[in-house]
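A short write-up of the structure that comes next.
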Amino acid sequence: MGDEHIFLPADLKEWLLNDPFPRLLGVEILELKPGYSRVRLKVTEHMTNIHGITHGGVIFTVADVAFGIASNSRGVPAVGINMNISYLKKSVPGDELVATAREENLTRHTGLYRITVENQRGELVAVASGLVYRQNRQKET
């Protein structure tokens, strides 16, 4: 898939696409624009816990990836300072988890984001909120 679904300047796009951990896991960016992102991750057998369901850390990670790229999508470096998640429905290997992050509030120094994680059937798996600290400078690329 190309990157025509990413509506950002080329240098910022390149910076956000080169995040090593999401790439290692196979997270795919579906859509990205200022203050908003949608990402997808296919759950595999090695992403499960002792109960045979998707590990909570995997669900948290896909939510965190959406949160991280949405909060950095304006070109101002932002780092998470708090994130809360509620798990609502189990997920199993073979599921495709789609995390969507939406900017709820933005100030000069902070940003608040609401993140949802759904499976391929559109069922809500988890909801989260995240707060970032925004640095007072543009990203140097």
Side-chain angles (χ1 to χ4, degrees), residues 1-51 53-141:
M1 176 185 287
D3 59 6
E4 64 277 355
H5 53 284
I6 302 176
F7 304 99
L8 300 174
D11 57 343
L12 182 56
K13 182 188 307 186
E14 181 180 343
W15 178 57
L16 292 173
L17 287 174
N18 286 317
D19 194 354
F21 186 57
R23 284 187 12 206
L24 173 70
L25 292 176
V27 176
E28 177 187 5
I29 297 174
L30 300 176
E31 189 176 1
L32 180 57
K33 56 188 175 187
Y36 176 88
S37 73
R38 271 186 349 114
V39 302
R40 177 173 48 210
L41 175 66
K42 175 118 179 174
V43 179
T44 62
E45 289 290 334
H46 73 279
M47 296 176 178
T48 61
N49 62 21
I50 60 171
H51 304 291
I53 61 176
T54 306
H55 195 287
V58 171
I59 297 168
F60 184 93
T61 296
V62 73
D64 187 52
V65 171
F67 167 50
I69 62 175
S71 64
N72 280 280
S73 64
R74 295 187 181 280
V76 175
V79 293
I81 56 177
N82 186 50
M83 189 166 171
N84 297 302
I85 191 165
S86 296
Y87 301 98
L88 307 173
K89 184 174 186 63
K90 75 176 182 178
S91 166
V92 295
D95 278 352
E96 289 188 5
L97 299 178
V98 175
T100 304
R102 291 178 174 85
E103 196 171 79
E104 297 284 318
N105 189 45
L106 188 66
T107 71
R108 208 169 43 152
H109 294 291
T110 63
L112 179 66
Y113 296 79
R114 175 176 164 74
I115 306 102
T116 58
V117 180
E118 298 177 327
N119 62 23
Q120 67 277 11
R121 293 175 296 283
E123 299 167 329
L124 199 56
V125 173
V127 294
S129 64
L131 182 67
V132 294
Y133 172 76
R134 303 175 75 228
Q135 296 179 3
N136 254 352
R137 62 179 176 80
Q138 290 293 110
K139 169 72 180 134
E140 295 174 13
T141 55

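The chain is numbered in sequence order, starting from 1.
- For the pair V125 and S91, the tightest heavy-atom approach, listed with the atom from each and the gap, is CG1-CB, 4.5 Å.
- Rounded to the nearest 0.5 Å, atoms CD1 (I69) and NZ (K33) are 13.0 Å apart.
- Residues G94 and Q120 come closest through the heavy atom pair O-NE2, 4.4 Å.
- To the nearest 0.5 Å, atom OG1 of residue T54 and atom CG of residue N49 are 8.0 Å apart.
- The ring-ring contact (aromatic ring centres under 6.0 Å, His included) contacts involving residues 94-115 comprise F67-Y113, where partners must be two or more places apart or lie in separate chains.
- We find the CD1-CG distance between I81 and L131 to be 4.0 Å, quoted to the nearest 0.5 Å.
- Note that the CD atom of E28 and the NZ atom of K42 stand 11.5 Å from one another [nearest 0.5 Å].
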**Request:** Starting from the C-alpha separation in whole Å, work towards a yes-or-no answer on side chain to side chain contact (heavy atoms under 4.5 Å, CB included) for V127 and R114.
**Result:** CA-CA 8 Å; V127 294; R114 175 176 164 74; 4.1 Å; yes
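- Summarising the local packing, CZ of R108 is surrounded by 12 or fewer heavy atoms from other residues, nucleotides or ligands at distances under 6.0 Å.
- When the side-chain contact (heavy atoms from CB on, under 4.5 Å) test is applied to T44, the partners found at least two apart in sequence or on another chain are H46, M47.
- Between the side chain of N72 and the main chain of G68, a donor-acceptor pair closer than 3.5 Å is present.
- The shortest distance between side-chain heavy atoms of T100 and E31 does not fall below 4.5 Å.
- Between V62 and V117, the closest heavy-atom pair is CG1-CG1, 4.1 Å.
- Here the shortest heavy-atom pairing between A70 and S37 reads CB-OG, 3.7 Å.
- For the atom pair CD1 (I115) and CE (M83), the distance works out to 4.5 Å, reported to the nearest 0.5 Å.
- Considering CZ of R38 and CD1 of I29, their distance stands at 12.0 Å, rounded to 0.5 Å.
- In terms of heavy atoms, S71 sits closest to A78 at O-CB, 3.5 Å.
- Minimum interatomic distance between R134 and T110 (heavy atoms only, all atoms of both residues): CD-O, 3.5 Å.
- For the pair H55 (side chain) and G57 (backbone), a donor-acceptor distance under 3.5 Å is present.
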**Prompt:** Does the pair R74 and E103 meet the rule for a side chain to side chain contact (heavy atoms under 4.5 Å, CB included), with working shown?
**Reply:** CA-CA 11 Å; R74 295 187 181 280; E103 196 171 79; 2.7 Å; yes
